[in-house]
Amino acid sequence: MKYDHKLIEPKWQKAWEDAGIFHAETNSTKPKFYTLIEFPYPSGQGLHVGHPRSYTALDIIARKRRQQGYNVLYPIGWDAFGLPTENFAIKNHIHPKEVTKKNVARFKSQLQSIGISFDWSREINTTDPAYYKWTQWIFLQLFKHDLAYKKEMAVNWCTSCKCVLANEEVVNGVCERCGSEVVRKVKSQWMLKITAYADRLISDLDLVDYPDRVKAQQKNWIGRSTGAEVDFTTTTGDTLTVYTTRPDTLFGATYMVISPEHPLIEKLSGVIGNMDEIRAYQAEAAKKSDFERTEVAKDKTGVRIDGVEAVNPVNGRQIPIFISDYVLVSYGTGAIMAVPAHDTRDWEFAKKFDLPIIEVVKGGEDVQQAAFTDCATGILVNSDYLDGLSVEDAKKRIIDKLTETGKGRAKVNFKLRDWVFSRQRYWGEPIPIVHCPCCGAVPLPESELPLELPDVESYEPTDNGESPLANMTDWVNTKCPKCGAAAKRETDTMPQWAGSSWYFLRYMDPHNDTALASKEALDYWSPVDWYNGGMEHTTLHLLYSRFWHKFLYDINVVPTPEPYAKRTSHGMILGENGEKMSKSRGNVVNPDDIINEYGADTLRMFEMFIGDFEKAAPWNSNSIKGCRRFIERFLGLAAVMTDGAAIRPELEGAFHKAIKKVGEDVENLKFNTAIAVLMSLINDIYATGSVTKEELRIFTILMSLFAPHAAEEVWSEGKLGSGFVSIAEWPTYDESKCVENTVEIAVQVNGKVRDKIMVAADIDQEGALALAKASAKAAAFIEGKTIVKEIYVKGKLVNIVAK
RNA sequence: GCCGAUGUGGUGGAAUGGCAGACACGCUUGACUCAAAAUCAAGUAACGAAAGUUGUGCGGGUUCAAGUCCCGCCAUCGGCACCA
């Protein structure tokens with residue numbers, strides 16, 4: 001059979017679509033299986049060879065599940081709002097809607113040419129008003145539950161582009177596009193209170209099957225820490241509360257530091273002696289971008305506040321107060337007690353300002369030379385009633401004491417900040433809020449959703465940092481839904497993360513116009529059984545969508561507390577030179593070229609064979625040929641097929657092992673070794689010179705996961721079964737037939753292989769050793785020595801230890 | 001600095017503590033061919049004529065046996081980073 005992939009592949013793609021075999025039905029007597037890939041952003045560059053890696057992997061899982069009798073949902077859609085499209089639209093004076101339409105069409109045809117078993121009848125697009133109606137609806141629910149609020153926030157402002165940048169667009173403190181300086185500008189921003197879910201976002205990780213590194217990264221990002229708040233009084237009679245994770249070191253606090261923005265400064269401005277100096281420092285700190293503030297991390301700066309001191313609540317000692325930008329206003333209380341003996345930053349600051357360093361935890365080196373921060377081994381000293389306790393016990397003891405006396409309390413803090421939800425951009429979901437002079441921020445009635453994006457003349461960001469929508473006076477001016485007075489619409493739009501925070505729910509019921517999805521569909525399909533995506537989405541996308549899902553769970557919209565039961569992640573496909581693929585590096589591989597030259601089956605096979613799925617792998621043009629050759633050899637089997645209705649005895653072990661191993665490897669994402677097993681098996685088959693019909697039938701089903709088009713072709717040409725191999729029954733294996741009758745075992749002397757012998761697989765230790773000792777090669781190494789130990793590992797080796 | 005990965009032939013990569021290098025690429029030789037391509041067959045870690053020795057980033061250790069386990073380093077990558 002001549003292998004013409006250009007003929008075969010479109011033929012079967014059309015046949016599958018016509019027969020609708022990949023369409024998922026809500027409700028079925030079969031068990032459900034919902035598998036999901038991260039829906040792509042339809043960029044102008046078209047599909048990248050990285051996309052098919054993930055899509056093919058879960059396609060393999062989806063195909064196997066169908067063959068195992070599951071009702072499978074494997075959907076696809078478009079995460080189409082976003083900056084690149086908007087920028088392209090601005091530059092070329094085309095409406096972003098048109099740009100998106102064109103890009104989606106291109107992506108769609110590219111994806112369809114790979115033969116992924118997506119259910120195209122459930123295709124969604126985040127920029128479709130019928131879709132973003134529900135994104136806006138979710139926002140309204142968040143608003144109604146006080147989880148969306150407006151706040152003055154510093155945003156990134158590019159001085160040259162005169163526009164607001166997302167954090168991702170700021171690289172090393174400069175604008176990603178033009179390279180000019182980015183400064184902070186204060187603007188009123190919509191925020192989502194994700195911090196209210198911080199604890200559950202950590203604890204519910206116990207409910208899901210994610211890789212440990214993903215869980216670790218999420219926990220890291222949320223940054224939960226336990227400690228205490230301690231109330232210090234000041235000599236002016238005010239209270240200065242600090243947060244600390246080391247309340248045990250309270251006796252060692254020799255000064256305090258508050259952030260430059262701390263409100264106490266204004267309050268005491270009349271009492272402070274050096275207000276000019278302090279104002280100058282505040283101004284200096286405010287000018288610095290986040291980038292600069294972290295860059296100068298090594299050298300501590302600060303100013304001592306004159307005229308006010310703090311009083312340590314446990315020993316009544318009076319200590320100075322400083323302001324310094326190493327204390328952040330946004331974390332804890334914006335104030336710290338400094339214990340230089342046991343905190344590296346405090347130690348550096350103390351050295352610079354010549355402040356006393358008092359050791360309160362014994363066990364390290366001289367604290368005058370370096371801070372001792374180890375919590376595990378230290379014993380408290382110089383701490384009155386804490387003396388002699390371990391750090392852990394001292395923490396408990398001091399928190400009890402502080403709680404009793406009302407001077408402190410146990411406290412948990414998070415690094416996680418609320419989600420900045422506003423974008424001053426055109427190409428995003430309008431935020432469905434009306435600002436009324438008398439009623440304030442009023443939510444749009446749900447009946448008025450979707451609030452569609454108006455057509456504007458220009459999508460250019462404005463000079464003043466307002467959204468382009470702000471210029472659309474017709475659209476902006478409206479009536480307050482509550483009191484009817486003249487009011488203005490919110491002109492900010494939502495970030496790209498919004499549409500992708502719930503899209504997996506829409507797939508369950510994509511055409512519903514009365515709910516984001518029907519209760520029936522949600523109950524049936526929830527949760528997503530297996531979600532694969534990139535590590536780059538581990539923190540933001542995963543966290544945001546988990547947050548929204550938990551909220552929807554709390555308001556009884558969705559039936560499960562977690563959206564994804566299992567998450568796996570794929571490694572990146574790198575360029576041939578081992579670097580990240582990018583236009584500027586000139587190492588981009590276009591999947592279309594590969595499909596054109598070798599076919600989609602080869603592309604799929606190669607991307608799965610390229611290496612460990614979870615690790616990054618460099619592209620290698622040479623190895624592609626091996627995969628193409630393998631598929632050709634597979635097609636060639638049809639020519640040597642005999643009528644045999646069984647597996648021949650000499651291949652029985654190999655077949656049963658292959659069924660087992662391919663099945664297991666696929667479940668564990670070990671696609672490369674699964675393919676290696678099939679390659680070995682085909683080598684074994686060719687060694688016999690022929691293949692029976694039954695052998696080819698089984699082999700074709702196994703192959704159909706990786707090379708579905710070629711498999712359908714062999715299936716139909718060889719009349720191996722009815723219908724499509726894509727939905728043929730997955731073969732079973734017999735464990736007892738996975739073992740060979742005779743095996744080769746190694747004969748070791750003192751751990752070194754000296755010979756190899758054939759033995760019966762079930763031979764006992766005595767028998768194996770007898771045969772091993774009969775080996776002349778081994779005997780030469782035993783001669784003249786005394787055997788002190790003999791080891792037999794069944795089916796593997798014997799080891800004779802001789803001295 | 002903290003968290004998490006990774007380090008194996010010429011290359012991509014395999015190896016529940018049990019024969020290191022499966023499978024594939026490449027290369028060498030042979031068959032077929034007027035010739036080439038394709039295909040098929042054999043070989044292919046290094047050193048050594050051979051017997052054999054040495055080999056999984058480096059240094060130790062545990063074990064009959066270590067790529068795998070333990071201790072201490074080095075390098076590369078990803079994430080976070082003055083979070084008290």
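Quantities reported herein were computed from a predicted structural model and do not represent experimental measurements.
- Proximity of the aromatic rings of A:Tyr255 and A:Phe349 is defined here by a centroid distance below 6.0 angstrom, and this criterion is met.
- Using a 4.0 Å cut-off between charged side-chain N and carboxylate O, A:Asp4 and A:Lys6 make no salt bridge.
- Nearest-nucleotide positions on RNA chain B place A:Arg213 closer to the 5' end than the other of A:Met572 and A:Arg213.
- Side-chain atoms of A:Tyr331 and A:Ser225 form a donor-acceptor pair, as typed in the model, at a separation below 3.5 Å.
- Separating the NZ atom of A:Lys661 from the P atom of B:rA14 is a distance of 11 Å, rounded to the nearest angstrom.
- Spacing between atom NZ of A:Lys789 and atom C1' of B:rU63 amounts to 8 Å, rounded to whole angstrom units.
- Only the P atoms considered, B:rU54 is 12 Å distant from B:rA66, to the nearest whole Å.
- Nucleotides B:rG43 and B:rU53, compared at atom C1', are 22 Å apart to the nearest Å.
- Rounded to whole Å, the distance from CZ on A:Phe613 to P on B:rA14 is 14 Å.
- For A:Arg417 and A:Ser330, the side-chain atoms include at least one donor-acceptor pair closer than 3.5 Å.
- Looking at the side chain of A:Tyr243, the nearest of the listed nucleotides B:rA84, B:rG13, B:rU6 is B:rA84.
- Residue A:Lys300 places a side-chain atom within donor-acceptor reach of the base of B:rC82, judged by atom type and a 3.5 Å distance cut-off alone.
- What separates NE2 of A:His570 from C1' of B:rG78 is a distance of 14 Å, to the nearest Å.
- For the pair A:Lys300 and A:Tyr326, the cation sits on the ring face: its NZ or CZ lies under 6.0 Å from the ring centre, inside 45° of the axis.
- B:rA50 sits 45 Å from B:rA5 when the C1' atoms are compared, rounded to a whole Å.
- Between A:Arg409 and A:Glu229, at least one side-chain N (NZ, or NE/NH1/NH2) sits under 4.0 Å from a carboxylate O, which counts as a salt bridge.
- Under a cut-off of 6.0 angstrom, the local environment of CD in A:Glu744 is crowded, with over 12 non-hydrogen atoms contributed by other residues, nucleotides or ligands.
- Each side chain to side chain donor-acceptor pair (under 3.5 Å) pair with one or both residues in residues 676-687 of chain A, not counting sequence neighbours, appears once here: A:Arg633-A:Asn683.
- For the P atoms, the distance from B:rC73 to B:rC3 is 13 Å, rounded to whole Å.
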Side-chain donor-acceptor pairs under 3.5 Å in residues 793-803 of chain A, sequence neighbours left out?
from     : atom 1 : to       : atom 2 : distance (Å)
A:Asn799 : OD1    : A:Asn750 : N      : 3.4
A:Asn799 : OD1    : A:Gly751 : N      : 3.0

In B/S/- notation (B base, S sugar-phosphate only, - none; protein heavy atoms under 4.0 Å), nucleotides 19-29 of chain B written 5' to 3' is B--BBSSS---
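- A salt bridge does not link A:Lys670 with A:Glu664: every distance from a Lys NZ or Arg NE/NH1/NH2 to an Asp or Glu carboxylate oxygen is 4.0 Å or more.
- A cation-pi arrangement, defined by a distance under 6.0 Å to the six-membered ring centre and an angle within 45 degrees of its axis, is absent between A:Arg628 and A:Tyr598.
- Scanning RNA chain B for stems, defined as runs of 3 or more consecutive Watson-Crick or G-U wobble pairs whose donor-acceptor distances all fall under 3.5 Å, gives the following ranges: B:1-7 with B:74-80, B:10-12 with B:23-25, B:26-31 with B:39-44, B:45-47 with B:52-54, B:57-61 with B:69-73.
- Atom CD in A:Glu536 sits about 16 Å away from atom C1' in B:rC80, given to the nearest Å.
- No donor-acceptor contact under 3.5 angstrom links the side chains of A:Asp231 and A:Thr239, judged on distance only.
- Side chain to side chain, A:Glu38 and A:His537 meet the donor-acceptor criterion of an N or O pair below 3.5 Å.
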Quick tally for nucleotides 45-54 of chain B: nucleotides whose base has a protein heavy atom under 4.0 Å get B, sugar-phosphate-only ones S, the rest -, giving -------SSS
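- Checked against the 6.0 Å centroid threshold, A:Phe609 and A:Phe706 do not count as a close aromatic pair.
- Between A:Phe606 atom CZ and B:rG13 atom C1' there is a gap of 12 Å when expressed in whole angstrom units.
- Side-chain atoms of A:Asn532 and A:His570 form a donor-acceptor pair, as typed in the model, at a separation below 3.5 Å.
- Nucleotides B:rA14 and B:rU62 have their P atoms positioned 31 Å apart, rounded to a whole Å.
- For B:rG30, the base is anti relative to its sugar; the glycosidic angle deviates from 0 by more than 90°.
- In this entry the distance linking CE of A:Met337 with P of B:rC82 reads 20 Å, nearest Å.
- Within 4.0 Å (heavy atoms only), A:Asp612 reaches sugar-phosphate atoms of the nucleic acid but no base atom.
- Closest of all the heavy-atom pairs between A:Leu574 and A:Ala616 is CD1-CB, 4.0 Å.
- In this structure, A:Ile610 and A:Lys415 both approach RNA chain B, and ranking their closest nucleotides by distance from the 5' end singles out A:Ile610.
- Contacts between residues 214-231 of chain A and RNA chain B, counted as heavy-atom distances below 4.0 Å, involve A:Gln217, A:Asn220, A:Trp221, A:Ser225.
- With both ends at atom P, the span from B:rU68 to B:rG9 equals 15 Å, rounded to whole Å.
- Nucleotides B:rG21 and B:rG26, compared at atom C1', are 16 Å apart to the nearest Å.
- The side chain of A:Tyr326 contributes no N or O atom lying less than 4.0 Å from OP1 or OP2 of B:rA84.
- For the pair A:Arg628 CZ and B:rU39 C1', the computed distance is 14 Å after rounding to whole Å.
- For B:rA84 and B:rC77, the C1' atoms lie 30 Å apart once the distance is rounded to whole Å.
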